[in-house]
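Throughout, protein chains are lettered first and strands after them, A, B, ... in sequence-line order, and every chain is numbered starting at 1.
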Amino acid sequence: MTSLKQTEEKWRKKWEKAKIFEANPDPTKQKYFITFPFSYMNGPLHVGHGFTATRVDALARFKRMQGYNVLFPWAWHWTGETIAGASERVKNGDETLIRAFREMDGVSEENLKKFVDPVFMAQYYTDDSRESVKRIGYSVDWRREFTTTSLYPTFSKFVEWQTERLRKKGYIIKGTYPVVWCPHDQSPTGDHDRQTGEGVVPEEYTLMKYRMLDGTFLPSGTFRPETIYGITNIWINPEVDYVKADVNGEKWIISQTAATKLKEQQKTVKILDTFKGREIIGKQFTSPFSDRKMLILPGWFVSPDNATGVVYSVPAHAPFDWLALRDLQNNPDLLKDFNIDTETVKQIQPISLITVEGYSEYPALELVDQLQVKDQHDPKAEEATKTLYKKEFHGGILKQICGKYAGKQVNKVKDLLIQDFKEQGIADQMYDLPESVVCRCMTPCVVKLLEEQWFIKYSDEKWKQKTKDTLAQASIYPNSARQWFLNIIDWLKEWPCARKSGLGTPLPWSPGWIVETLTDSTVYMAFYTINNHLKKHCITAEQLPPEFFDYVFYGKGESKKLSDQTNIDPKILKEMQNEFQYWYPLDMRISAKELLPNHLTFFLFQHTALFPDNLPRAVGVNGMLSIEGKKMSKSKGNFITLKDALNQFGADATRCALLLGGEGMNDPDWRKETVGDVKGKLRGFQNLAYNIIDNSKQQKTGHLETWLTSMLQHRIKIVTENLDALKTRTALENALFEVWNDFRWYMRRAEAFDSKILKEALETWARLLAPFLPYMCEEIWSKLAHTDFVSLADWPVYNPKQVNVEAEETENLVKNVLEDTSNILRATKMAPKEIYYYSAASWKWKAYLIALKKSTTGILAVGTLMKELMADPELKPVAGKVAKFAKGITQEINRMPEDMKHKQLQIGALDEATLLEQAEAFFGREFNAKIHTYREDDEQIDDPQRKAGYAKPYRPAIYVV
RNA sequence: GCGGGGGUCGCCGAGCUAGGUCAAAGGCGCAGGCUUCAGGAGCCUGUCCCGUAGGGGUUCGUGGGUUCGAAUCCCACCCCCCGCACCA
């Protein structure tokens with residue numbers, strides 16, 4: 001007996017030898033180009049990749065069988081900093097990571113040592129993963145395989161072309177943006193590189209510049225610059241270190257930490273003096289909008305780490321300010337140390353500047369009372385602040401006191417106001433982190449204004465609009481993902497497209513920058529269409545100037561001239577151009593939903609920009625696989641590599657288990673136990689198939705054969721439709737289980753499986769399953785005496801002519817009678833000796849059909865129905881019975897779905913008595929009893945309990961003894 | 001907080017965009033039976049509750065509402081998952 005592994009191996013070799021998945025342009029065939037986003041090679045492929053990729057492959061195989069010329073290529077992503085980072089961590093002896101490599105990925109000690117070289121690591125995982133991709137049976141054209149980065153120079157040339165062209169179109173711009181920055185690493189610190197502070201982003205404060213009497217500025221950070229109209233004083237923490245510094249030529253007083261921060265934000269900071277906050281408390285200052293002199297007061301709640309450490313006070317609208325002021329007014333002792341006149345402080349009145357529904361003139365006061373906040377140190381102060389901020393931001397209207405902004409809603413006018421203030425020179429800005437962020441290297445991070453960065457201008461409104469058009473013309477599976485795309489397109493802004501470190505392609509026009517990973521992976525599918533030629537003809541990177549790609553992708557220039565330039569044969573150039581034109585646009589791209597907000601949307605954007613005549617036709621999105629109900633995580637040990645799954649369960653079971661897990665955007669779950677069950681199930685299928693092949697030799701063409709063929713048509717239809725809609729789970733569920741149930745029922749009814757029809761049905765069945773479990777299906781296909789591959793066999797086509805509604809309804813009748821009888825036996829707990837079936841009298845059928853007909857043309861009501869029935873000479877004599885019967889069926893028929901009515905009308909009167917008679921042997925077998933069947937209106941009827949009268953069409957009466 | 005997807009009879013999951021054939025498909029698990037030169041095979045039945053005649057009762061996150069009729073439509077609320085940018 002050959003093992004599963006050997007069988008897989010055998011077919012894989014045959015496929016490879018026959019090159020059946022190598023796709024070349026063929027103008028006589030319709031093409032289908034489908035891709036899976038190349039995966040990042042800092043680890044082996046896992047079952048999560050397997051889930052998405054199996055959907056891709058199932059679709060590829062399905063389309064191939066339908067006669068499409070299918071191209072399914074594969075490549076590997078090496079770009080970025082993660083591989084380099086991991087390699088670095090191995091070098092530094094990071095035990096957790098090393099253990100993960102060793103235990104999860106199964107890397108040998110010897111290879112592990114070589115992981116200090118990032119390239120080795122990437123190559124190792126690429127080779128390892130390629131093996132898995134082959135073993136699981138993906139129908140890939142490997143001639144087009146490549147890896148990214150400058151280590152694959154021809155691809156790098158493609159990326160150069162891509163970025164150059166984007167730049168030419170004005171989609172790549174230079175800019176300065178705030179980032180979370182590690183002063184030690186001298187690089188931005190992304191979420192994954194953080195020890196603490198995940199998800200923290202820089203926030204922009206507006207610095208309102210208040211002037212002291214000597215001309216020194218007190219820049220006070222705020223998110224609510226509109227409140228400047230309600231300022232009463234400034235808070236300084238007396239215990240904290242402040243500096244006086246020369247900042248861009250002005251004298252500023254700020255906290256010491258703020259001074260350090262500002263240095264990273266394009267400000268020249270020269271510290272002139274350092275002192276405790278208390279030293280300036282009691283001094284006076286003015287607001288830019290008035291000459292009113294105000295006081296600097298002590299505020300212990302002020303944090304030096306928050307913006308500038310200088311806070312201006314708006315007690316009417318800021319709970320903290322009110323509390324701090326109240327504390328001083330109620331407790332003048334606090335002022336003792338500061339040489340401040342307590343009376344002056346007591347006279348400070350809140351100034352109201354915002355009207356907000358549901359609050360009085362001084363919302364902060366009201367809220368503090370409501371929440372019973374004790375003082376500025378009470379944690380409830382924070383809550384009050386947040387509540388009020390939200391309320392005033394969304395619903396607040398500025399009052400008369402706010403000059404030209406009066407009457408405006410706060411959230412509508414805020415941006416304008418900031419801009420105005422900056423232009424007037426009374427405001428500046430500063431970035432800061434709302435929570436502390438610490439880098440993996442344990443250095444606390446700051447905000448840095450990174451200069452001269454390269455960005456992709458996803459913020460471009462026209463580009464956004466065009467990308468929406470791209471989306472509109474594409475099919476999206478499931479369609480509910482479409483709205484998500486739209487939101488992301490709107491939400492995207494400038495994307496930094498180059499980095500200083502890691503693997504990748506150098507930015508052609510700016511040395512030192514490397515094209516970032518989400519940018520070099522947006523349109524690379526175009527590269528697949530020519531890479532086979534590049535490899536075959538040993539074309540080098542030097543031969544690939546941008547003009548080359550312009551020629552291939554845009555048909556620009558002349559092959560002859562380009563040939564002179566590149567030293568590539570014009571014929572080959574033409575061939576590549578043709579091949580690109582043949583395959584593009586992409587017909588389908590499928591990914592997990594985590595890539596939707598970035599990769600997939602970028603993919604749409606860039607195709608819109610670079611390939612406007614070749615826009616992607618469809619995008620499929622699926623959920624994310626969890627393991628044993630929990631999120632997959634390598635570091636937590638909750639991780640299954642594709643290789644492990646294949647070793648344990650084989651390719652077919654792995655594929656099926658993955659696909660049966662879920663579809664749409666639902667997150668499927670990988671459960672070891674379930675996969676094992678699936679494997680057992682598949683073996684059962686195989687046994688059944690072999691059994692059929694060995695035994696199905698008799699030519700039979702009875703009712704049951706008609707039924708089986710008919711049912712199969714529905715299965716074909718539903719599997720095809722669902723695959724077309726990328727509903728892989730439903731498709732497989734029907735192809736495997738529903739078809740199986742049909743076979744079961746057939747065999748149960750026929751009591752033998754020697755009919756040739758089974759083998760014919762199996763031919764269809766194997767083909768329906770081939771996209772899902774290709775190895776087993778090839779094996780069965782060959783045992784069915786086929787010499788070709790099932791992978792290339794014709795996909796079964798739904799044939800309405802083979803649908804036989806009557807056969808189906810007959811079997812439904814049998815099933816219903818079987819069920820009703822069982823139910824009676826269960827309820828009565830009888831062991832039957834004899835069972836009597838009585839089919840409905842012919843007058844009932846007549847009345848029933850009339851009622852059915854009536855209900856399809858209008859409203860069915862007992863009264864009108866009776867009138868019609870009584871016009872019939874056959875029914876009139878039994879008027880009493882008809883009336884009773886009509887009442888019952890009217891109710892029943894009115895609840896029946898339309899298509900069922902039509903079906904029954906199409907069939908007309910069933911000869912139930914004969915059908916039941918024919919099934920007597922079957923019922924007898926099932927119930928181990930003697931079966932009698934009569935017509936209700938039979939003269940010779942044997943009806944000891946007078947049950948026959950209960951008979952209805954499709955519902956024979958039953959009597960059990 | 002914002003955006004997206006969800007909450008269905010032990011588990012996984014259909015159905016819910018077009019309300020009635022829905023006690024609600026299918027798979028798994030479990031229980032009982034059959035079959036079997038016992039093998040993690042196959043077949044049948046059952047698996048919300050009740051029931052000595054094919055039936056009845058109570059269910060589809062919670063609470064309301066619309067309707068002759070709601071898992072399906074409307075409103076409010078609760079809970080879970082995913083994404084939210086210099087990162088693959």
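- The partner of B:C43 is B:G33, by the rule that a Watson-Crick or G-U pair needs both atom distances under 3.5 Å.
- Rounded to a whole angstrom, the distance from the C1' atom of B:C68 to that of B:A14 is 28 Å.
- Considering only residues two or more places apart in sequence or on other chains, A:D652 meets the side chain to side chain donor-acceptor pair (under 3.5 Å) condition with none of them.
- If you measure from atom CG of A:L595 to atom P of B:A88, you get 13 Å, rounded to the nearest angstrom.
- If you check every strand for non-hydrogen atoms under 4.0 Å, A:E738 touches sugar and phosphate atoms only.
- Residues A:F927 and A:Y837 approach most closely at CE1-OH, 3.8 Å, considering heavy atoms.
- Remark: C1' of B:C81 and NZ of A:K630 are 16 Å apart, rounded to the nearest angstrom.
- Pair assignment for B:A18: none, as no Watson-Crick or G-U wobble contacts are both less than 3.5 Å.
- Applying the 4.0 Å criterion to OP1 and OP2 of B:C28, one finds that A:T674 has every side-chain N and O outside that range.
- In this structure, A:L518 reaches the bases: a heavy-atom distance under 4.0 Å links it to at least one base atom across the strands shown.
- For B:A85, neither phosphate oxygen OP1 nor OP2 lies less than 4.0 angstrom from any side-chain nitrogen or oxygen of A:K493.
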**OP:** Classify every nucleotide of nucleotides 49-56 of chain B by which part a protein heavy atom approaches to under 4.0 Å, writing B for the base, S for the sugar-phosphate alone and - for neither, in 5'-to-3' order.
**Re:** --BSBBS-
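- Distance check on atom P: B:C60 versus B:C11 gives 16 Å, rounded to whole Å.
- Judged as a ring pair (Phe, Tyr, Trp, His ring centres under 6.0 Å), and not counting sequence neighbours, A:Y746 has no contacts.
- Comparing A:N687 and A:L450 by the nucleotide of RNA chain B that holds the closest heavy atom to each, the one mapping nearer the 5' end is A:N687.
- Within 4.0 Å of A:N598, counting heavy atoms only, lies at least one base atom of the nucleic acid.
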**OP:** Indicate for each nucleotide in nucleotides 1-13 of chain B, in 5' to 3' sequence, whether protein heavy atoms under 4.0 Å reach the base (B), only the sugar-phosphate (S), or nothing (-).
**Re:** --SSS-----SSS
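- A salt bridge links A:E721 to A:K717: at least one charged side-chain nitrogen sits closer than 4.0 Å to a carboxylate oxygen.
- Under the Watson-Crick or G-U wobble criterion, with both distances below 3.5 Å, B:U62 is paired with B:A76.
- The separation between A:K631 atom NZ and B:C80 atom P is 16 Å, rounded to whole Å.
- B:G4 and B:G55 have their P atoms separated by 45 Å, with the value rounded to a whole Å.
- Comparing the C1' positions of B:U17 and B:C73 gives an interatomic distance of 11 Å, to the nearest angstrom.
- When the P atom of B:C28 is taken as reference, atom CG of A:L658 falls 18 Å away, rounded to whole Å.
- Across B:G26 and B:U47, the matching C1' atoms stand 16 Å from one another, rounded to whole Å.
- Residue A:Y848 holds its OH atom at 7.5 Å from CD1 of A:I889, rounded to the nearest 0.5 Å.
- For the residue pair A:Y177/A:E494, the side-chain donor-acceptor check at 3.5 Å is satisfied.
- The number of heavy atoms from other shown groups lying within 6.0 Å of CG (A:N479) is above 12.
- Taking side-chain N and O atoms only, A:K672 has no distance below 4.0 Å to OP1 or OP2 of B:C28.
- Nearest to the side-chain atoms of A:M900 among the listed nucleotides B:U21, B:G83, B:G27 stands B:U21.
- When the shell of 6.0 Å around CZ of A:F393 is examined, it contains more than 12 heavy atoms from other residues, nucleotides or ligands.
- Following rounding to the nearest Å, A:N691 (CG) and B:G42 (C1') show an atom-to-atom distance of 9 Å.
- Distance, A:F927 CZ to B:G33 C1': 15 Å, rounded to whole Å.
- With both ends at atom P, the span from B:U58 to B:G5 equals 35 Å, rounded to whole Å.
- A:K391 NZ: 12 or fewer foreign heavy atoms inside a 6.0 Å radius.
- Surrounding NZ of A:K887 are at most 12 heavy atoms belonging to other residues, nucleotides or ligands under 6.0 Å away.
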Can you give me every donor-acceptor pair (side chain of residues 676-685 of chain A, partner residue at least two apart or in another chain, under 3.5 Å) with its distance?
| residue | atom | partner | partner atom | Å |
| --- | --- | --- | --- | --- |
| A:K679 | NZ | A:Q648 | O | 3.4 |

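- Closest contact between the side chain of A:R748 and the listed nucleotides B:A14, B:C43, B:C44 involves B:C44.
- Annotation: B:G65 and B:C79 have their P atoms spaced 24 Å apart (nearest Å).
- Nucleotide B:A71 has no partner under the Watson-Crick or G-U criteria, as no pair reaches both atom distances under 3.5 Å.
- The gap from the P atom of B:G33 to that of B:G83 amounts to 49 Å, rounded to the nearest Å.
- When both distances must be under 3.5 Å, the Watson-Crick or G-U wobble mate of B:G51 does not exist.
- Among the heavy atoms of the strands lying under 4.0 Å from A:K727 are primed sugar atoms or P, OP1, OP2 only; no base atom is included.
- Counting to the nearest Å, the P atom of B:C81 and the CD atom of A:E594 are 17 Å from each other.
- Qualifying side chain to side chain donor-acceptor pair (under 3.5 Å) partners for A:S129, counting only residues two or more places apart in sequence or in other chains: none.
- Mapping A:G680 and A:D677 onto RNA chain B by nearest heavy atom places A:D677 closer to the 5' end of the strand.
- Nucleotide B:G26: paired with B:C12 (Watson-Crick or G-U wobble, both distances less than 3.5 Å).
- Residue contacts shown for A:L492 include a base, since a base heavy atom lies under 4.0 Å away.
- A straight line from CG of A:D490 to P of B:C84 spans 18 Å, rounded to a whole angstrom.
- In this structure, A:K815 satisfies the cation-pi test against A:W745, with its NZ or CZ atom closer than 6.0 Å to the six-membered ring centre and inside 45 degrees of the ring normal.
- If you check every strand for non-hydrogen atoms under 4.0 Å, A:S626 touches nothing.
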